[in-house]
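Reading through the structure tokens given below for one structure.
The structure displayed is predicted, hence computed values, not measured ones. Side-chain atoms are counted along with the backbone in the values below, which use heavy atoms only and exclude waters and symmetry mates. Both ligands and their constituent atoms are indexed starting at 1 by order of listing.
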Amino acid sequence: MALRNIVKMGDPLLKKVCRPVEKFDEKLHQLLDDMWQTLHHAEGLGLAAPQVGILKRVAIVEWEDQKFELVNPKLVKSSGRCVDNEGCLSVEGFRGLVARPETIDIEYFDRHGNKQTLHAEGYFGRVFLHEMDHLDGILFSDKMIKKIVDRG
Ligand code: ZN
């Protein structure tokens, strides 16, 4: 495993639409393993492949000791609306209030190519939506309704 550099806002890589994964091979597993190491080192909740400079539809989420590896994730259903505070490992110096659906159903593939489905609500679902936005070149700062500046 290797720690990868996290791409920061302003880098054009974060604005690209990522390509679907076609091969569930050793290279994908290596990417996922490296992403976990990078996420834990940065102490975040989630990380998307473009944040480590790889333009593939891959993201990881850690929530209450559960680890999710999302390959080619797709939002299949959503309802409601809630506004909450978000930050991003690629965005330094500020957070923001973002409106997102309250409940979601997603489909994705695991690292072995098995299809998975997941229902999520509240902040748990928000983390998935944030990571999935990265795969389409969207940052929370592109859709925030209020900017919150960190005062260190
Ligand atoms: Zn992010």
Check residues 72-83 and write down every donor-acceptor pair under 3.5 Å in which the side-chain atom is one partner and the other belongs to a residue at least two apart or another chain.
{"from": "N72", "atom 1": "OD1", "to": "V21", "atom 2": "N", "distance (Å)": "2.8"}
{"from": "N72", "atom 1": "ND2", "to": "V21", "atom 2": "O", "distance (Å)": "3.0"}
{"from": "S79", "atom 1": "OG", "to": "T103", "atom 2": "OG1", "distance (Å)": "2.7"}

Inset, instruction - Spell out the protein N/O/S atoms under 2.8 Å from the Zn ion (ligand 1) as residue plus atom name. - result: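 Sorted hits: C88 SG, H130 NE2, H134 NE2.
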
Inset, instruction - Looking only at non-hydrogen atoms, find the nearest pair between V7 and V52 and report the distance. - result: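 The answer is CG2-C, 4.2 Å.
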
Legend entry - Side-chain H-bond candidate by donor/acceptor type, T117 with E107, under 3.5 Å: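 Short answer, no.
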
Inset, instruction - Would you tell me whether W36 and E69 have side-chain atoms, one donor and one acceptor, within less than 3.5 Å of each other? - result: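 Yes, a side-chain donor-acceptor pair sits under 3.5 Å.
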
Inset, instruction - Hey, could you give me each pair passing side-chain hydrogen bond (donor to acceptor under 3.5 Å, both in side chains) that has a residue in residues 125-147? Not counting sequence neighbours. - result: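 Of all non-adjacent pairs touching residues 125-147, those that pass side-chain hydrogen bond (donor to acceptor under 3.5 Å, both in side chains) are K15-D142, R57-D136, E86-R126, E86-H130, R100-D133, H130-H134, D133-K143.
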
Inset, instruction - Sequence neighbours left out, what passes ring-ring contact (aromatic ring centres under 6.0 Å, His included) with F109? Give chain and number order. - result: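 Residues passing ring-ring contact (aromatic ring centres under 6.0 Å, His included) with F109: none at all.
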
